[in-house]
Amino acid sequence: MPKQKAAERKISKMKISKKTKKELLYYMKLTRSIEDRIERKLYRQGKIVGGVYVGRGQEAIGVGSAIHMEEDDIVAPTHRDMGIFLIRGISVRRIIAQYMGRKTGVTKGKDANMHMGDLNHNVIAFVSHLADNVPVAAGCALAFKMRGEKRVALCYNGDGAVSRGDWHEGVNLATVHKLPIVFFINNNAYAYSTPLNLQMAVENVADRAVAYAMPGEIVDGNDVLAVYEASERAIRRARQGEGPSLVEFKTFRMTGHSAHDDAGYVPRELFEEWQKRDPIPKLETFMKKEGEITQEEIDNMQKEIEETIDDAVQWAENSPFPDPEDTLKGVYYEE
Amino acid sequence: MPKQKAAERKISKMKISKKTKKELLYYMKLTRSIEDRIERKLYRQGKIVGGVYVGRGQEAIGVGSAIHMEEDDIVAPTHRDMGIFLIRGISVRRIIAQYMGRKTGVTKGKDANMHMGDLNHNVIAFVSHLADNVPVAAGCALAFKMRGEKRVALCYNGDGAVSRGDWHEGVNLATVHKLPIVFFINNNAYAYSTPLNLQMAVENVADRAVAYAMPGEIVDGNDVLAVYEASERAIRRARQGEGPSLVEFKTFRMTGHSAHDDAGYVPRELFEEWQKRDPIPKLETFMKKEGEITQEEIDNMQKEIEETIDDAVQWAENSPFPDPEDTLKGVYYEE
Amino acid sequence: MALTTYVEAIRQGIWEEMESDERVFILGEDVGIYGGAFKVTKGMLEHFGRERVIDTPISESAIVGAAIGASYVGMRPIVEMQFIDFISCAFDQLTNFAAKSRYRWGAGVPIVVRGPCGGGVHGGPFHSQNVESFFMNTPGLKIVAPSTAYDAKGLIKAAIRDEDPVLYFEHKYLYRRIKEELPEENYIVPIGKAVIRREGRDLSIITYSAVTHTALEASEALAKENIEIEVLDLRTILPLDEEAILQTARKTNKVIILHEATLTGGSGGEIAARIAEKAFEYLDGPIVRIAPPDTPVPYSPPLEEFFLPQVEDVIEAARKLAAY
Amino acid sequence: MALTTYVEAIRQGIWEEMESDERVFILGEDVGIYGGAFKVTKGMLEHFGRERVIDTPISESAIVGAAIGASYVGMRPIVEMQFIDFISCAFDQLTNFAAKSRYRWGAGVPIVVRGPCGGGVHGGPFHSQNVESFFMNTPGLKIVAPSTAYDAKGLIKAAIRDEDPVLYFEHKYLYRRIKEELPEENYIVPIGKAVIRREGRDLSIITYSAVTHTALEASEALAKENIEIEVLDLRTILPLDEEAILQTARKTNKVIILHEATLTGGSGGEIAARIAEKAFEYLDGPIVRIAPPDTPVPYSPPLEEFFLPQVEDVIEAARKLAAY
Ligand SMILES: Cc1ncc(C[n+]2csc(CCOP(=O)(O)OP(=O)(O)O)c2C)c(N)n1
Ligand SMILES: Cc1ncc(C[n+]2csc(CCOP(=O)(O)OP(=O)(O)O)c2C)c(N)n1
Ligand SMILES: [Mg+2]
Ligand SMILES: [Mg+2]
């Protein structure tokens, strides 16, 4: 029975190919840029419907972990995981349209911004009720195991969601049945305005893994290569039938809880400190030092990204809003 | 931060006074006898309304722990904790009347058998929904702490209840706020027909204490003196403001889940093995060996108990059923 | 041919669907080796194996959540609640995850959540509830509540085959108290269709689940007084068979609604409202509701008897309404 | 004198009760340093201290459970749900522990559970719900839903002083959109009492919460057509002020029920049923319900607008009913 203490943080520069690193960089930058565009432009221009939550500073987590997914693996992201949608191949056009409430958005205007899901891409739509996705993802994994498939389920949550009963029930069910699932936690030190010490008496979410007899690992969530490596291990473990793991990524929310929150309750020094650990420059610097990328390539990458987003914004703006009567459609199965 | 591994079982014969031991013996025997009377006589005679759950073989747990309560401490028992009601001074008469659905029963016929509660005795009535009592007991402790009172809350559950989300949420809340509460678990190896390995991946419920940064202790639940000692420590700790503890009592359910269940799914050897560890003869033998009690005293104690129960049964049988119109009373506050 | 009890009918229905569709599996507390608290899943572990008959921890929310997840990847899970009262612990997963999924993002949730409801066995406040109206304001869910063994089997099969989440409320009082001959052949009872249990001209009783029998008994008694009652058994409570409801109201012009859930906020309100809006011109008398009073279900026999609608209560109300 | 917004009225009400009764305290997510997602508890942490303004983990069930426990030992807890939609996670504690406690064993549960409900701000399916009818079939609970700043303050104070569990649903659309002058002196609005917002003779609109304003707007418009509408604002939804409901129905003889929760299984059914049973002889037309269609609350503006009852919808229905 695995009862190890949560592992120490480890940063690894192990043999990750240049190609993969570029891919990681691309998705992180794409994620950052889309969210910047949404929050800092479109939202302020009044073009976004509803509130906006971004994962600025946390891009390494979704990107460095979900990149390991096989096509038929399934993922249940949470509200700071834009990168996952991109990696799963949901188009930037549909995503921007989603945030603008258009008919061409991922949920056709039915649900809000990051509540995106599409079973064609094996992405389960987030419901607001935190940690509800834990039993649901466990159910996917249960079916995989039952049918002898080598598929895995990835389940994402923030530190705050861990307090919900559904987190406990879902993780317990998954560990009792040794299901092929990985529980990823982005621990960004806050749940809205509530700091960690008012959420849990333990120091680390990973300290809870022991309660379910699964491995718990703590990883620098701002080092995409560390995220990549730790995730690979946990996913492989799940795929090989060895059961669930808990992987905690230490990170920091570089914004307020949502666009309307100035995070006045967060000591400014923390932002400054974590700014230095921004995962994107960190990878860029590393790659440049290793001679794996040039500034010019980076600039080109960024340019390409901006073009992709420009195109998506235009496409979304030209997309129709849903018809009012669409309101009535799709509650029940229709032949 | 306390992260100790769950302690080993320890049996202690420490300085517990003869008087206390007699008291423990008395309450265990009273508990056993009441439940025997209810299940093996009154139920079979058709005098009990509804199903019957007993704690046969587990009497040491409620008795050895609740005996430490100060008058204004509060307790939230579960469905195998008859001893607690007795220790809290709820009369045998009212208890038997409760099981017979009489107006003189603890809940006046409104609720079923062990769903007894009385705030005059600081006993919170159990609701069927397992582990719902955890947040509720934590709320009592929260009020005690808020008001600077030296009172504690005791909360009891079985091993199965630990899987419920409310258990997790309640324990987490209590540990975050370092509330004066103790979580007692009777681990009797089964939840209805479901063995431990289908309930949790850990071996011991106490292994979960670490996830909440509280001490977790494993105690022989069939040794009332060990129960007594461990409970004293945990309760003292809570009272001194050091926060919650989890105390797991290993025991065995010497019956089916309820009176209609023959426990066909339990290997017979287990019953035989645990029969040898019956907490009542165990204490009797120990006390006799120490010269603290004679067989005659024991017989007299039993005789007295039977008389008490005879009286209570008679009283209950002579008690009226509630008036049909009582149905309508007491939903809302009435001046 | 042998008579089949209501509980056995449910068991047969599940069994047949599990035989014919390997996507169907069951999960819940004590459904495996024990065969379920009421033995609905008896023998299934042995026959279908532990992969398809899963004993779970006591985690109603996770059980429902897991069923939702499994359904997303192609399974057809059946969840057993040991008593339907415990569905309160899964309320969030049902109303927010399951019910809204298809609407929000097109992902259907073909799951069944079933369990024993209702009183009459001195179960007290937590083992006797009728929970349908907790869910009636949640579009996306379906609710069925059979009153006969035939319907019990036909509706569980329809529920399992349905593409949407179905709550299946079986009445524990009926489990072993009613039996009938069931057809040899494979049949279903379609969800959404009420049935007239008794034709009548003087007034209609609209009802479902166990108290359907109360209505029928009362109707028999009143037939002797020449009051001919039509009894409509809804079978499905969500979505309601509005056509059947309005039809019987328009036919007899007087309506009693009878259910075992407590009065205020019970399903009867919705039924009455539809009639009062859409068959108003046909009404020759007030719409009468018969239901337990607004209290938890009490435990002691005199209280529970007072609480539950009795044949006498129905007779009295019907006599009065007929004379209106 | 200054005008007070709806949100400020709630804040004042809580503040005053906390000043005058040290048993009152508040717990919920982000109610402390942040002052609540909608700033209802702004400044309270600083003024009353961290013992009485408690930031909790994200654990709605435990928050409600803890409130129940604290109330057993003499406190008067107020629970904030960050959005009322999250009350689904505490459904079990509310319906089983809180609601039934007094009945079962005489232990009252004087708690208030409050939070922002309703749509109109493009919150989508999980931040716009009206959840009252989840709880309407649970005796032991009380439900209030103020439509004005005056009532918001008076009802929160009454709720805090009430001996039973009260669910207090504040409409987020009203928070900063309506304001009025409030009395200097301490006052409460009694739970269980409806109020006539507008006298009329031709028909009655029975409503509550934000759409009360929709009803009033429609009534103003129709007054120009000489249709005089009486608007009854229920204020309390459980227990209903049946007398007031029947009185207005008997007076105008025609009734529209208007609410923002979806139609089927909404509170309108209960109201209609009471009228159809107890004021039947007075009715000169069908009882009409106006409510959103049976779907989750959609997010995109054209959908949400279509979904929510608009003044035009009420005008049209009222015109038609008046002409009946
Ligand atoms: C059950 C539930 N309660 C409350 C909320 C409101 N809420 C939305 S996000 C949030 C904080 C989440 O914190 P965390 O899980 O740490 O994620 P983060 O936003 O920090 O990534 C809260 C309280 C919710 N969505 N669900
Ligand atoms: C939420 C909930 N689900 C299911 C049940 C039905 N039930 C009653 S007792 C029980 C088993 C309890 O096991 P455990 O907690 O180990 O207590 P024990 O009976 O062994 O003392 C179950 C499943 C319940 N009471 N509550
Ligand atoms: Mg966080
Ligand atoms: Mg047990």
Side-chain angles (χ1 to χ4, degrees), chain A residues 1-6 129-135 138 142 157 159-179 181 183 185 191 194-216 242-246 248, chain B residues 1-6 129-135 138 142 157 159-179 181 183 185 191 194-216 242-246 248:
Chain A
M1 206 186 50
K3 261 200 203 166
Q4 71 272 39
K5 205 188 145 308
H129 297 66
L130 295 169
D132 274 21
N133 63 351
V134 180
L142 182 68
N157 276 292
D159 45 284
V162 173
S163 302
R164 281 265 352 270
D166 277 45
W167 194 85
H168 171 68
E169 291 195 4
V171 169
N172 187 53
L173 187 69
T175 47
V176 165
H177 289 279
K178 271 199 153 203
L179 301 180
I181 188 168
F183 302 106
I185 300 294
T194 306
L196 219 59
N197 68 312
L198 290 178
Q199 300 179 54
M200 59 189 80
V202 284
E203 262 175 56
N204 309 294
V205 174
D207 297 343
R208 299 199 145 160
V210 174
Y212 308 92
M214 66 176 165
E242 292 166 48
S245 315
L246 174 61
E248 174 180 13
Chain B
M1 208 187 48
K3 262 202 204 167
Q4 70 272 40
K5 207 191 143 306
H129 298 65
L130 295 169
D132 274 20
N133 64 349
V134 179
L142 181 70
N157 275 292
D159 44 286
V162 172
S163 303
R164 281 267 349 271
D166 277 45
W167 194 85
H168 172 68
E169 291 194 4
V171 169
N172 186 53
L173 186 71
T175 48
V176 165
H177 289 279
K178 271 199 152 203
L179 301 180
I181 187 167
F183 302 107
I185 300 293
T194 305
L196 219 57
N197 68 313
L198 291 178
Q199 299 179 55
M200 58 191 79
V202 284
E203 261 174 56
N204 310 295
V205 174
D207 297 342
R208 299 200 145 159
V210 175
Y212 308 92
M214 66 176 164
E242 294 166 47
S245 315
L246 173 61
E248 174 180 12

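No experiment lies behind these values; they were computed from the predicted model shown. So that the names make sense, note that chain A is the first sequence line, chain B the second, and so on, each numbered from 1.
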Say you draw a straight line from NE2 of A:His168 to CD of B:Glu169; how long is it, rounded to the nearest 0.5 Å? 10.0 Å
Would a 4.5 Å heavy-atom cut-off, applied to side chains only, mark A:Met200 and B:Asn172 as touching? yes
Nearest 0.5 angstrom please: A:Tyr212 OH to B:Asp207 CG, how far? 12.5 Å
Pick from A:Gly243, A:Gly170, A:Gly165, A:Ala131: which one has the most heavy-atom pairs with chain B under 4.5 Å? A:Gly165
Shortest non-hydrogen pair, A:Ala201 vs B:Ala213, comes out as O-CB, 3.6 Å
